[in-house]
**Q** 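What follows is a structure written as structure tokens; I'll ask about it next.
This is a predicted model, so every value here is computed, not measured. For the numbers below, each heavy atom of this structure counts, side chains included, while hydrogens, waters and symmetry mates do not.
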Amino acid sequence: MLLRRNKLIALFCGVALTASACTGGGSNKPSGSSEIDRDAVLRVAWALPMPTLDPMLLTSVASQGNLSPVYDRLIQVDGKDKLLPMLATSWQYSGDGEYLELKLRSDVKFHDGTTFDAAAVKANIERGKTHPKSTVKGALKSITSVEVIDPTTARVHLVKGQGAELPSLFSSNAGMMISPKALADPSRDLTNNPGDAGSGPYVVTAFVPQEKITMKRAPSYWDPKVGQLAGLEVSRVANNTTRLNGVSAGELDITGVSAPNDLTRAADLAGRGTFNIDKVQFRNVMSLFLDAKKGNLADLKVRQAIAHAIDPEKIAALFSGTCTPYRQFYPEDSWPALKGYQYPYTPDLAKAKQLISEAGGAKFELTFSAQTNTEQPANVIQAALKDAGADVKLVPVPNSEHDARYQAGDFDSMVSNGFNPKIDPAETMATYFLGSYRIAADPATVKPLADQAANPTLPEAERAKIYQQIWEKVLQEAWFIPICRQTHAIISSPKVINAEGLPWANLGYMDLRSVAMVK
């Protein structure tokens, strides 16, 4: 463990200010004499708001981490993005791809006493497909019906040739299970007070919308390896430095930071043994989203000019090298990625200026989340485009509104960390390309390929080739401009254990079910 710890500190030395920042460091494992403190309450802080406690109504991907201790999922994902059993012990597509069959645990009850079974799966999926405010409705569109074969077998019937993304999807909020008894009770307020409606290791005791969730350990739970805390207090603290100071001062137990100055300081403090640190490179890509049907952005030459004007190295410099230039959608070592890909638009301000001149000018709004790590990149992009002859107005928006308002069509473009490639690219297509983010400005050019690749009977290698065609098309059209992948640091009190390699950490949020504290 000491070797791994020292490697993590060494990785931070590239951004550390002094040699002293590269010494020592804590461990996320207890010493031989330490024991779990089951009376401990974990104090957590994240940057994003907490709008709802109903998993089917979440508008932010990152909010899933807040609900993972409350609701079990059908399938879970580990720290290496591998899908593992949770409430479903196994899953298998039929040979003709007409259905996905889930085998379920038989020893789980919701905290209201209702048994978890195939009927509960059916009730939750049907609610996700039909609830008027459901944010997973589009993601579940490949499901035609759910059949209860027996209490431990649910058969999910599919649109012909569709549904390859479902195991990945069921590891997200779309796979979070709520008690059918709670779903059937019109007096239950699942948005603000779910009470005993979940089957997870913790239950919510208090909720201040957008600001704080308080949880206590559930009276019983089927997995003894998780839920070892007396409770959790999860607060929203937007500022990186404030969160870092909170852990340093002992006011918080765990958080994440990604701003360059805070990464440097975190490495220094970890080197002195102040707290533990785990370095994670995001899967998600800081990018420029373009609503390529709007105004001047509908002109390919304008989009190409924007792509040529953005220099990822200049953005990386803002982050002291902790936002590595990256010009495609998936990490290169993942199966859907473009192998050895060369992005078609190299930084070339003269070319950008020429293209904008040929287009007769360019004028649009560029939004970003105020007081976040996208603010400086947005200013650099605006300055480069101004030099190229474009008229770009910056529009700062509260972080709590940013992505939702872009999805609603309020903005021409946005700088965002919000592109989170899913484990299965069919889900990525449904969410980002053909869904509410509208990356594919001309859906007809990619949807036939997407439909073909979503066939669960196709081998992975064949699916990869189809997705790679889509990625190349979208990047060539400059409907979306990937910039860089950030480094994220999970920092935690020396008393915190099991905080390394957390599921979802590479998306910038975490599943805290297995985290514990020692005495």
**Q** Quick one: NZ on Lys447 to CG on Asp442, what's the gap to the nearest 0.5 Å?
**A**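 Here the rounded value is 13.0 Å.
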**Q** Looking only at side-chain N and O atoms, does Ser168 offer a donor or acceptor that is under 3.5 Å from a partner on Asp424?
**A**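 There is no such pair (donor and acceptor under 3.5 Å, judged by atom type) between the side chains of Asp424 and Ser168.
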**Q** Under 4.5 Å between any side-chain heavy atoms of Gln486 and Gln281, yes or no?
**A**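 No, their side chains stay 4.5 Å or more apart.
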**Q** Would you say the side-chain atoms of Thr274 pair up with the backbone N or O of Arg272, donor to acceptor, closer than 3.5 Å?
**A**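 Not a single qualifying donor-acceptor pair exists.
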**Q** Out of the candidates Val77, Val121, Ile125, only one should pair with Phe170 under the side chain to side chain contact (heavy atoms under 4.5 Å, CB included) rule; please name it.
**A**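 Going through Val77, Val121, Ile125 one by one, the side chain to side chain contact (heavy atoms under 4.5 Å, CB included) with Phe170 is satisfied by Ile125 alone.
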**Q** Tell me whether Arg303 is salt-bridged to Glu477, with the criterion being a basic N under 4.0 Å from an acidic carboxylate O.
**A**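 Counted as a salt bridge, because a side-chain N and a carboxylate O are separated by less than 4.0 Å.
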**Q** So that I can tick it off, tell me whether Asp511 and Arg73 are bridged by a salt bridge, with the cut-off set at under 4.0 angstrom between side-chain N and carboxylate O.
**A**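 Yes, Arg73 and Asp511 are salt-bridged.
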**Q** If we only count heavy atoms from C-beta on, is the Asp72 to Met176 side-chain gap below 4.5 Å?
**A**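 A side-chain contact under 4.5 Å is absent here.
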**Q** Checking Leu349 against Asp387 for the side-chain contact (heavy atoms from CB on, under 4.5 Å) test, could you report, in this order, the C-alpha distance in whole Å, the side-chain angles of both residues, the deciding distance, and whether it holds?
**A** CA-CA 8 Å; Leu349 200 57; Asp387 289 343; 3.8 Å; yes
**Q** Run the side-chain contact (heavy atoms from CB on, under 4.5 Å) test on Ile490 and Ile277 for me, step by step, so that the C-alpha distance in whole Å, both residues' side-chain angles and the decisive distance to 0.1 Å come before the verdict.
**A** CA-CA 6 Å; Ile490 302 169; Ile277 191 167; over 6 Å; no
**Q** Below 30° counts as parallel, above 60° as perpendicular, anything between as tilted: where do the rings of Tyr343 and Tyr341 land?
**A**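 It falls in the perpendicular class, over 60°.
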**Q** With the side chain counted from C-beta on, respond yes when Leu83 and Asp78 share a heavy-atom pair under 4.5 Å apart, and no when they do not.
**A**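 Contact flag for Leu83/Asp78 side chains = no.
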**Q** Are side-chain heavy atoms of Val446 and Leu434 found at a separation under 4.5 Å?
**A**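 In short, these two side chains touch, coming nearer than 4.5 Å.
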**Q** Between Thr428 and Tyr330, does any side-chain donor sit less than 3.5 Å from a side-chain acceptor?
**A**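 Per modelled atom types, Thr428 and Tyr330 side chains form a pair under 3.5 Å.
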**Q** Name every donor-acceptor pair, under 3.5 Å, that has one atom in a side chain of residues 306-314 and the other anywhere in the protein, sequence neighbours excluded.
**A**
from: His308; atom 1: ND1; to: Thr346; atom 2: O; distance (Å): 2.7
from: Asp311; atom 1: OD1; to: Glu313; atom 2: N; distance (Å): 3.0

**Q** Measure from NZ or CZ of Arg438 to the centre of the six-membered ring of Tyr406, then state whether that distance is under 6.0 Å and the direction lies within 45° of the axis.
**A**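 Yes, Arg438 and Tyr406 form such a contact.
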**Q** Quick one: are Leu318 and Cys323 in side-chain contact, heavy atoms under 4.5 Å?
**A**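 Sidechains of Cys323 and Leu318: no contact.
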**Q** Can you tell me how far the CD atom of Glu500 sits from the CG atom of Asn276, to the nearest 0.5 Å?
**A**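 So the CD of Glu500 and the CG of Asn276 are separated by 7.5 Å.
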**Q** Starting at CG of Leu449, measure out to CD of Gln468 and round the result to the nearest 0.5 Å.
**A**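 Separation between the atoms: 12.0 Å.
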**Q** Between Asp391 and Lys386, does at least one N-O distance fall below 4.0 Å, as a salt bridge requires?
**A**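 No, this pair does not count.
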**Q** How far does CG of Leu297 sit from OG of Ser413, to the nearest 0.5 angstrom?
**A**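 The OG atom of Ser413 is 6.0 Å from CG of Leu297, to the nearest 0.5 Å.
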**Q** Determine whether more than 12 heavy atoms belonging to other residues, nucleotides or ligands lie under 6.0 Å from atom CD of Glu472.
**A**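 For Glu472, atom CD is crowded (more than 12 foreign heavy atoms under 6.0 Å).
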**Q** Parallel, tilted or perpendicular: which describes the rings of Phe419 and Phe433, with under 30° parallel and over 60° perpendicular?
**A**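 Correct class here is perpendicular.
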**Q** Check Trp471 against Pro425 and note the closest heavy-atom contact, atom names and distance.
**A**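 Answer, listing the atom of Trp471 first, then Pro425: CZ2-CB, 3.9 Å.
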**Q** Do any pairs count as a salt bridge (Lys or Arg N to Asp or Glu O under 4.0 Å) and have a residue in residues 350-360, sequence neighbours left out, and if so which ones?
**A**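 Applying salt bridge (Lys or Arg N to Asp or Glu O under 4.0 Å) to every pair that reaches into residues 350-360, excluding sequence neighbours, yields Lys301-Glu358.
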**Q** Atom CE in Met429, atom CD in Glu427: separation rounded to 0.5 Å?
**A**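 If I round to the nearest 0.5 Å, the distance is 12.5 Å.
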**Q** State, yes or no, whether a side-chain contact exists between Arg236 and Asn399 at a heavy-atom distance under 4.5 Å.
**A**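 Side chain of Arg236 against side chain of Asn399, heavy atoms only: contact under 4.5 Å found.
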**Q** Within the side chain of Glu375, is there an N or O that forms a donor-acceptor pair under 3.5 Å with the backbone of Ala370?
**A**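 No; judged by distance alone, with no hydrogens or angles, the pair does not exist.
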**Q** Go through Asn498 and Ser514 one step at a time and tell me if the side-chain hydrogen bond (donor to acceptor under 3.5 Å, both in side chains) criterion holds.
**A** CA-CA 7 Å; Asn498 303 334; Ser514 63; 5.4 Å; no
**Q** Going by atom types alone, do Thr372 and Thr374 pair a side-chain donor with an acceptor below 3.5 Å?
**A**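 Distance-only check passes for Thr372 and Thr374.
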**Q** With a 4.5 Å heavy-atom cut-off, do Leu166 and Trp91 have their side chains touching?
**A**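 Side chain of Leu166 against side chain of Trp91, heavy atoms only: no contact under 4.5 Å found.
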**Q** Under 3.5 Å, side chain of Lys363 to main-chain N/O of Asn296, donor-acceptor pair present?
**A**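 No, Lys363 side chain to Asn296 backbone: no donor-acceptor pair under 3.5 Å.
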**Q** Does NZ or CZ of Arg485 fall inside the cone over Tyr326's six-membered ring, less than 6.0 Å from its centre and within 45° of the axis?
**A**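 Yes - Arg485 lies over the ring of Tyr326, closer than 6.0 Å to its centre and within 45° of its axis.
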**Q** Distance-only, no hydrogens or angles: does the Lys293 side chain make a donor-acceptor pair with backbone N or O of Ala298 under 3.5 Å?
**A**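 Looks like no, no N/O pair under 3.5 Å.
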**Q** Decide yes or no for Glu365 and Asp412: does some side-chain heavy atom of the first lie under 4.5 Å from some side-chain heavy atom of the second?
**A**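 Side-chain contact under 4.5 Å: yes.
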**Q** How are the rings of Tyr432 and Tyr437 set relative to one another: parallel (under 30°), tilted (30 to 60°) or perpendicular (over 60°)?
**A**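 Answer is tilted, since the angle falls between 30° and 60°.
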**Q** Applying the side chain to side chain contact (heavy atoms under 4.5 Å, CB included) criterion to Val395, which one of Asp410, Thr367, Leu366 satisfies it?
**A**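 Of Asp410, Thr367, Leu366, side chain to side chain contact (heavy atoms under 4.5 Å, CB included) with Val395 is met by Thr367 alone.
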**Q** For Glu165 and Ser142, does a side-chain donor sit closer than 3.5 Å to a side-chain acceptor?
**A**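 Glu165 vs Ser142: donor-acceptor pair found between side chains.
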**Q** Could you go through Val247 and Ile254, starting from their C-alpha distance and side-chain angles, then the distance that decides it, and tell me whether this counts as side-chain contact (heavy atoms from CB on, under 4.5 Å)?
**A** CA-CA 7 Å; Val247 178; Ile254 187 169; over 6 Å; no
**Q** Out of curiosity, Phe368 CZ to Asn417 CG, how far, rounded to the nearest 0.5 Å?
**A**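 Atom-to-atom, Phe368:CZ and Asn417:CG are 13.5 Å apart.
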**Q** Answer with yes or no after comparing the ring centroid distance for Phe289 and Phe480 against a 6.0 Å cut-off, counting only values under it.
**A**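 Yes: the rings meet the under 6.0 Å criterion.
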**Q** Does the pair Asp81/Lys422 count as a salt bridge with the N-to-O cut at 4.0 Å?
**A**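 Looking at Asp81 and Lys422, the cut-off is not met.
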**Q** Could you check whether Asn373 and Asn240, counting side-chain N and O atoms only, form a donor-acceptor pair closer than 3.5 Å?
**A**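 No, because no side-chain N or O of Asn240 sits under 3.5 Å from a partner of the opposite role on Asn373.
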**Q** Taking Asn173 for its side chain and Pro55 for its backbone only, find out whether a donor-acceptor pair lies under 3.5 Å.
**A**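 It does hold such a pair.
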**Q** Could you list the residues that satisfy salt bridge (charged side-chain N to carboxylate O under 4.0 Å, His left out) with Lys225, not counting sequence neighbours?
**A**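 In terms of salt bridge (charged side-chain N to carboxylate O under 4.0 Å, His left out), with neighbours along the sequence ignored, Lys225 is linked to Asp223.
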**Q** Hey, is NZ on Lys80 packed in by over 12 heavy atoms from elsewhere, all under 6.0 Å?
**A**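 For Lys80, atom NZ is not crowded (no more than 12 foreign heavy atoms under 6.0 Å).
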